[in-house]
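Worksheet for the structure shown next.
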There are 2 protein chains.
Amino acid sequence: MKALPTPSGHELGTVTIYDVAARAGVGIATVSRALNGSAPVAEATRARVLAAVEELGFRPSHAGTSLAARTHAANGIVFPDLSGPYYAEVLLGYEESASRLGRSVLVLATHGRPDPAAAVRDLAGRVDGIVLLGRTVPDHVIEELSAFGLPVVVVARPEVDGVDSIRADGLDAARALGEHLAGHGLRKIAFLGSPEESPDVAERWRGVREGLGAHGIEPTVTPCLFDEESGTRVAAGLLAVRERPDALVCANDEIALGAIVAAEEIGLRVGRDIAITGWDDVMAARHARPALTTVRQPMRTLGALAAEVLDERITKERTTPRHESLATDLVVRDSCGLHP
Amino acid sequence: MKALPTPSGHELGTVTIYDVAARAGVGIATVSRALNGSAPVAEATRARVLAAVEELGFRPSHAGTSLAARTHAANGIVFPDLSGPYYAEVLLGYEESASRLGRSVLVLATHGRPDPAAAVRDLAGRVDGIVLLGRTVPDHVIEELSAFGLPVVVVARPEVDGVDSIRADGLDAARALGEHLAGHGLRKIAFLGSPEESPDVAERWRGVREGLGAHGIEPTVTPCLFDEESGTRVAAGLLAVRERPDALVCANDEIALGAIVAAEEIGLRVGRDIAITGWDDVMAARHARPALTTVRQPMRTLGALAAEVLDERITKERTTPRHESLATDLVVRDSCGLHP
DNA sequence: TCACCACATGAAAGCGCTTCCTACGCCCTC
DNA sequence: GAGGGCGTAGGAAGCGCTTTCATGTGGTGA
């Protein structure tokens with residue numbers, strides 16, 4: 001491909017379908033058909049059109065196309081925020097998948113925004129479909145968008161009536177984690193996280209409880225925000241009492257990494273004096289010493305699948321809701337104790 | 001705001017400026033003016049228009065607007081890929097800043113794509129300006145876009161004629177790092193990274209060399225890709241020889257984390273028997289044991305600044321290129337030796 | 001009282017594309 | 001040889017908006 005065709009006599013970036021039509025000696029309808037294959041065009045004509053396109057460096061205007069065709073060839077994706085490795089991976093999978101399906105990706109981070117719902121509505125006007133991650137907007141906004149006729153997929157978020165959803169199933173892995181800890185002989189287990197604030201955390205809590213329950217162990221639960229500093233603070237509180245827990249099961253890796261700091265601060269050897277586990281398997285988890293026992297989620301796959309499920313709706317291949325659940329894996333490392 | 005105005009009689013999502021005009025008893029031009037403030041409208045009229053907008057739930061079509069106004073109200077951002085914490089932070093800062101300026105953000109990851117240049121050209125047709133990160137496309141494509149009249153900002157990439165650029169200056173921090181290592185009494189220093197492949201790495205290498213040179217130390221350099229596995233492999237090779245280096249200065253954190261693995265594998269105590277340093281200060285750096293000495297880059301600021309610089313060009317506030325350089329900070333932790 | 005002007009508004013012309021509808025050949029068939 | 005069908009292509013009507021240009025209104029100064 002030549003770098004930049006710039007035949008003199010016309011402004012750059014101003015080549016329209018009319019210029020191409022004139023050059024090829026055909027009507028604009030024929031140019032459109034030749035380019036999109038929306039109707040048969042004689043081979044010789046097509047060749048002339050394509051030659052003209054090449055010579056003039058014609059690139060169809062997206063605005064014109066989307067106005068006429070009532071489509072945007074673009075998907076939206078909405079994040080609570082983008083910090084942390086979790087969402088970046090989802091976005092990567094999504095972008096890759098979407099672009100393979102010929103769609104651009106518009107991102108929106110709602111974190112710290114005055115009116116997330118308005119931002120999402122605005123985004124909705126520029127795309128053919130939208131993926132919502134986590135608790136970014138209230139249910140009624142999602143229902144509104146969906147009722148509006150806009151395909152919506154929610155990821156890692158409670159299901160909404162009639163809306164596709166994708167999630168990572170944590171129940172099995174949580175049960176396995178509970179069983180594993182019991183196998184280490186640990187008995188006083190504290191769960192750090194807020195089950196009532198998030199269905200995901202609730203699921204993890206439930207699984208851990210079931211896994212431990214099978215061994216007659218009843219864990220406790222302590223509310224905790226999803227960040228390192230909270231992990232340190234909450235863990236410090238739990239470890240300060242005389243009858244301290246011998247295992248801290250944290251709702252995500254950041255809490256766990258914070259908890260490790262708290263444990264070391266009072267001289268506990270993680271993996272020996274106390275077991276600590278996380279959730280997500282972020283990069284820092286395998287580099288922490290001791291390396292963090294955690295649960296790996298298929299984040300990139302989550303994003304890729306979201307793009308595909310959304311595409312089915314946009315192209316009307318499917319009209320009934322789809323609810324996908326991806327398996328997660330327990331990753332046993334050293335922070336929960338020496339391997340049995 | 002009401003959830004979803006659905007007066008019967010018209011399709012959802014089909015409310016156009018004509019409907020609003022009819023409802024308010026005015027012409028569409030007046031509606032446009034009332035909404036955009038592009039020309040004075042009598043107060044009473046404006047109120048009627050706004051009421052009609054509210055009642056009908058009118059949301060202007062972006063396609064129509066961008067076609068007529070020849071603007072997209074959107075920015076693009078192009079990544080090599082999105083894995084790793086580095087780019088996600090940049091994106092976060094960019095999105096935040098762009099949306100505050102009233103622009104949506106389209107993302108494109110070129111990694112693993114058959115024709116990155118074509119993808120970038122396509123993106124260029126949907127936005128008012130574009131930010132390019134790292135080595136995503138060759139120079140001539142950037143020049144082409146810029147010549148096309150599209151505002152372009154390059155980030156963390158060599159400057160291109162007439163194009164705005166933003167970077168993090170690593171020279172000072174690298175010098176400081178070199179000096180610091182010399183202060184630890186370290187003498188045999190190996191740099192892991194490929195200076196000839198990336199100007200950033202070249203800058204780090206140069207700074208380290210200068211910092212050490214001030215103490216009469218001449219470091220060696222060994223090429224290394226930017227990932228953990230390469231770090232482990234290259235470090236293992238360096239440490240296997242009899243006269244092994246007593247410090248490994250790595251071009252980024254991932255290499256350093258990989259190098260730590262290699263060192264521990266042969267029984268070396270990092271921070272005592274050998275010093276290892278990274279670059280970027282990813283989350284894993286502070287959780288590694290020993291914690292990694294590294295250099296922190298202002299990634300979020302990088303992204304935010306990119307959005308602002310781009311906006312100046314789009315709004316024509318500025319027509320001369322701007323080249324920004326942000327300072328980076330040496331973060332001394334334990335992996336380079338006990339603090340002096 | 002009349003001409004003039006600012007102000008507010010509407011009609012209409014695009015912006016660049018898709019697509020419906022019509023028209024033109026041409027070949028085949030009766 | 002006339003009628004019908006098919007393959008191809010063009011004209012023109014939108015898609016929903018912004019903006020120019022023209023018009024109408026009321027107020028001002030002479």
Side-chain angles (χ1 to χ4, degrees), chain A residues 10-50 52-53 56-74 102 122 124-128 149, chain B residues 10-50 52-53 56-74 102 122 124-128 149:
Chain A
H10 67 80
E11 276 275 309
L12 276 176
T14 304
V15 184
T16 73
I17 198 170
Y18 287 93
D19 302 321
V20 175
R23 178 100 173 198
V26 300
I28 58 164
T30 301
V31 175
S32 175
R33 288 188 282 250
L35 254 32
N36 304 325
S38 49
V41 171
E43 199 42 58
T45 312
R46 177 191 310 281
R48 280 216 315 287
V49 169
L50 295 182
V53 165
L56 297 173
F58 171 66
R59 332 214 76 229
S61 143
H62 269 291
T65 307
S66 60
L67 185 56
R70 303 157 150 286
T71 177
H72 295 93
D122 180 78
R126 339 183 48 133
V127 297
D128 301 322
Chain B
H10 68 78
E11 276 274 309
L12 275 177
T14 306
V15 184
T16 73
I17 198 171
Y18 287 93
D19 301 321
V20 175
R23 177 98 174 200
V26 299
I28 57 164
T30 301
V31 175
S32 175
R33 288 189 281 250
L35 255 32
N36 304 326
S38 49
V41 172
E43 199 43 58
T45 312
R46 177 192 311 281
R48 280 216 314 288
V49 170
L50 295 182
V53 165
L56 297 173
F58 171 66
R59 331 216 75 228
S61 143
H62 269 289
T65 307
S66 60
L67 185 56
R70 302 155 153 287
T71 176
H72 295 94
D122 180 76
R126 335 181 52 130
V127 297
D128 301 321

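Chain A is the first sequence line, chain B the second, and so forth, proteins listed ahead of strands; every chain is numbered from 1.
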Below 4.0 Å: OP1/OP2 of C:dG10 and any side-chain N or O of B:T30
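Checking B:T30 against C:dG10: at least one side-chain N or O falls below 4.0 Å of OP1 or OP2.
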
Side-chain N,O (B:S32) to OP1/OP2 (D:dC17) below 4.0 Å:
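For D:dC17, neither OP1 nor OP2 has a side-chain N or O of B:S32 closer than 4.0 Å.
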
Under 4.0 Å between any heavy atoms, over every strand shown, what does A:G25 touch: base, sugar-phosphate, or nothing? Just pick one.
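Sugar-phosphate contact only - A:G25 comes under 4.0 Å of backbone atoms but never of a base.
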
Tell me what A:G64 touches on the nucleic acid: a base, only sugar-phosphate, or nothing, going by heavy atoms under 4.0 Å.
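Here A:G64 touches the bases of the nucleic acid.
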
Exam field: side chain A:D128 to backbone A:T71, donor-acceptor pair closer than 3.5 Å
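A pair under 3.5 Å: no.
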
Rounded to whole angstrom units, what separation is found between the [atom1] atom of [X] and the [atom2] atom of [N]?
X     : N      : atom1 : atom2 : answer
B:R46 : C:dA8  : CZ    : P     : 10 Å
A:I17 : D:dG10 : CD1   : P     : 12 Å
B:I28 : C:dA11 : CD1   : C1'   : 9 Å
B:H62 : D:dC15 : NE2   : C1'   : 16 Å
B:Y18 : C:dA12 : OH    : P     : 11 Å
B:R70 : D:dG16 : CZ    : C1'   : 16 Å
A:H72 : C:dC17 : NE2   : P     : 16 Å
A:L67 : D:dC15 : CG    : P     : 9 Å

Name the residue from B:V31, B:V26, B:L50 that meets the side-chain contact (heavy atoms from CB on, under 4.5 Å) definition with B:T45.
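The passing option is B:V26.
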
[atom2] on [Y] to [atom1] on [X], rounded to 0.5 Å:
X     : Y     : atom1 : atom2 : value
B:T16 : B:R59 : OG1   : CZ    : 15.0 Å
B:H72 : B:L67 : NE2   : CG    : 9.0 Å
A:N36 : A:T65 : CG    : OG1   : 7.5 Å

Side-chain touch A:R126/A:D122, heavy atoms, less than 4.5 angstrom
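Heavy-atom side-chain distance check passes, below 4.5 Å.
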
Taking atom types as they are modelled, would you say the side chain of A:R33 forms a donor-acceptor pair with the base of D:dG10 within the 3.5 Å cutoff?
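For A:R33, whose side chain was compared with the base of D:dG10, there is a donor-acceptor pair (under 3.5 Å).
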
Taking all non-hydrogen atoms of both residues, which atom of [X] and which atom of [Y] are closest, and how far apart?
X     : Y     : result
A:A63 : B:S66 : CB-OG, 3.4 Å
A:V49 : A:A34 : CG1-CB, 3.9 Å
A:R33 : A:V41 : CB-CG2, 3.7 Å

Which angle, to the nearest 10 degrees, lies between the helix axes at the two ends of the helix from C:dT1-D:dA30 to C:dC30-D:dG1, each defined by five pairs?
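The two end axes of the helix from C:dT1-D:dA30 to C:dC30-D:dG1 meet at 60°.
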
Among C:dT9, C:dA11, C:dC17, which is the nearest nucleotide to the side chain of B:T45?
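Of the options given, the side chain of B:T45 lies nearest C:dT9.
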
Heavy-atom contacts under 4.0 Å between residues 34-44 of chain B and DNA chain D, which residues?
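B:N36, in order of number.
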
